[in-house]
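Below is one structure; the comments refer to it alone.
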Amino acid sequence: MQIYNSITRKLETFTPIDKDTVNMYVCGPTVYNYIHIGNARPVIFFDVVRRYFEHKGYIVNFVSNFTDVDDKVITKAIEDEMTEMEVANKFIQAFYDDARRIGSSTKYLAPRVTEYMSSIISYIETLMEKGYAYQVDNDVYFRVGKIEDYGILSGRKIDDLKEGARIDVNTKKENPLDFTLWKATDVGITWPSPWGEGRPGWHTECVAMINDIFGGRIDIHGGGSEIKFPHHENEIAQNIAVHNHYIANYWMHNGQLNIDDKKMSKSEGRIILVKDLDYDYMGFRLFTLSTHYRSPINYTDEVLTNYVKEWEKVRRVYKQSFYKLDLNDALEIKGEQSPELKGIELKFMDAMDDDFNTANAITELQNLVKYTNQIVRQKDTESNLKAAIDLFETFFKILGLDPGVAKLTAQDKALYMAWNDARRNKDFDKADRLREELQDRGIL
RNA sequence: GGUCCCGUAGCCAAGUGGCUAAGGCAGCGGACUGCAACUCCGCGAGCGUCGGUUCGACUCCGAUCGGGACCUCCA
């Protein structure tokens, strides 16, 4: 399959380090608040990446961290008169709740900075020993000038960056581009270190974790495009310093989600939290997957409403087909794909193989909807209909969509039969009553 | 100021140097239907603008206008 590699800016054939395994790491959230719908985009997209690799038979080792120490967490802790740990625990729980709501798996390794403090400290010590880090007072900085490739991921040249450096002329640094590895502080939670009490800078946690968990090299590193620079650039630099090779073979960056064509902004009140999203979450998931992951996506109520409707349409025909088979006790039969279904499946997989083109994959889902709507009212289609159901389930599993349809109870079936009988007997008063009840039960 | 991305029908959104530029929503016209819902069939654009390269560009290059991102914490 082909993956667009941010570092080379090209589509490349994906070849894992170990034949059957995909090791991937996605930069996770700083847990000081509920996540907003922009945070949800990588949570959904990289979940789909994992699901697709699993569909293809790979063992996927998926890791995504929680940044539970940082200025924002500390500020929040002071504001709310809680400990940093309490703040982090609260919002990690909230994150998992939100992730589940939007259909993403939460079963993956999620290391926290606080659990990796000794690894982070020893990582910084290694950087010091190798001459890539230097101490000033009780702070430690990374010596960017020693990295030849610095800027390769974000396409920047060190000279351009120097010109652009407008703020933060920290006179303690040898070079304005040098970044903080360890920061002495007396505000909030601190840890002892060889350089004094303090806490780590943001950029070391991911490399230290990747170093511990994967040995310093992974297949895929993911995250939002806005953290390419400086965060991912700095990860690359640190890994080169320690291992003399790139940290990841493939870099994947998702585009941002805007609201009404503008970046989300808390200060301007233009922000929507996942937990406050007043729409169907599967519709939201479909919405985020309907644009190619590298493109920006614009949220408006109108567009989301469109996808919520679209999801209802998908769900309706799946449900209708599922129940039709269930009523005929045919859910366990073996499906046999018609040429049309084969074609749809093939094109879906082709789209996914093409750099996770979920937009085109969803087009195939829509084709499956149309096709199934055509066959579900015909007679003698059980085997093909079963194949259609199976294909829906395959697509749902890959995209992480859940129609929430379960087998009918005996009572439901009896009700359904009675409705059919009443209609056949033209007892429309009774039929309408039964229809209403079936609708109330969510069967029709 | 520097780096970079985007601009396809009313809306959303794929895609290609050359057959008729996918698909969805909305709209219009049909069909189906006890009523309703659902569903099915048919119908719309020449790709921001101006130049250039080319036998040929929406697709490549340049300029221009418009929108956006990053350079500073940010998924």
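Every chain is numbered from 1, with letters handed out A, B, ... down the list of sequences.
- Here A:His292 lies in heavy-atom contact (under 4.0 Å) with sugar-phosphate atoms only.
- Contacts of A:Lys263 with the nucleic acid, taken as non-hydrogen atoms under 4.0 Å apart, include base atoms.
- Across all strands shown, A:Arg41 has no heavy atoms under 4.0 Å from either base or sugar-phosphate atoms.
- Using the Watson-Crick or G-U wobble rule with both distances under 3.5 Å, B:U54 pairs with nothing in any strand shown.
- Here the side chain of A:Thr291 is nearest to one of B:C71, B:C74, B:A13, namely B:A13.
- A salt bridge links A:Asp47 to A:Arg51: at least one charged side-chain nitrogen sits closer than 4.0 Å to a carboxylate oxygen.
- Summarising the base pairing, B:G1 is matched to B:C71 through a Watson-Crick or G-U wobble pair whose two defining distances lie under 3.5 Å.
- The one candidate from A:His232, A:His221, A:Arg294, A:Lys228 that meets the side chain to side chain donor-acceptor pair (under 3.5 Å) condition with A:His253 is A:His232.
- For the residue pair A:Glu393/A:Tyr318, the side-chain donor-acceptor check at 3.5 Å is satisfied.
- A:Arg377 comes within 4.0 angstrom of a nucleotide base, judged by non-hydrogen atoms across all strands.
- Following rounding to the nearest Å, A:Leu177 (CG) and B:G2 (P) show an atom-to-atom distance of 18 Å.
- The partner of B:U64, taking Watson-Crick or G-U wobble pairs whose two distances both stay under 3.5 Å, is B:G48.
- Nucleic acid contact class of A:Asp432 (heavy atoms, under 4.0 Å, all strands): base.
- Of the nucleotides present, none pairs with B:C19 by Watson-Crick or G-U wobble criteria with both distances under 3.5 Å.
- Distance from the side chain of A:Asn306 is smallest for B:G24 among the nucleotides B:G24, B:A26, B:C38.
- When the nucleotides B:G34, B:A75, B:G68 are ranked by their closest atom to the side chain of A:Ala431, B:G34 comes out on top.
- Set against B:C12, B:U39, B:G34, the side chain of A:Val303 has B:C12 as its closest nucleotide.
- Listed candidates were B:G15, B:C40, B:G34. Nearest to the side chain of A:Arg435 is B:G34.
- Using a 4.0 Å heavy-atom cutoff across all strands shown, A:Gln256 reaches at least one base atom of the nucleic acid.
- With hydrogens and angles ignored, no donor-acceptor pair under 3.5 angstrom links the side chain of A:Asn367 to the base of B:G24.
- Base engagement by A:Asn360 is indicated by at least one non-hydrogen atom pair under 4.0 Å involving a base atom.
- With B:C12, B:A36, B:C11 as the choices, the nucleotide that has an atom nearest any side-chain atom of A:Glu302 turns out to be B:C11.
- When heavy atoms are screened at a 4.0 angstrom cut-off, A:Ile35 is found touching no nucleic acid atom at all.
- In this model, a donor atom of one side chain and an acceptor atom of the other lie less than 3.5 Å apart for A:Asp178 and A:Tyr134.
- Under the Watson-Crick or G-U wobble criterion, with both distances below 3.5 Å, B:G27 is paired with B:C43.
- Within the nucleic acid shown, A:Glu226 comes within 4.0 Å of at least one base atom, counting heavy atoms only.
- Of the candidates B:C40, B:C74, B:A13, the closest approach to any side-chain atom of A:Ala359 belongs to B:A13.
- By the 4.0 Å N-to-carboxylate-O rule, A:Lys183 lies close enough to A:Asp71 to be salt-bridged with it.
- Ion pair A:Asp97/A:Arg101 not flagged as a salt bridge, since none of the NZ, NE, NH1 or NH2 atoms sits closer than 4.0 Å to an Asp/Glu carboxylate oxygen.
- Taking atom P on both nucleotides, B:C70 is separated from B:G56 by 42 Å, rounded to a whole Å.
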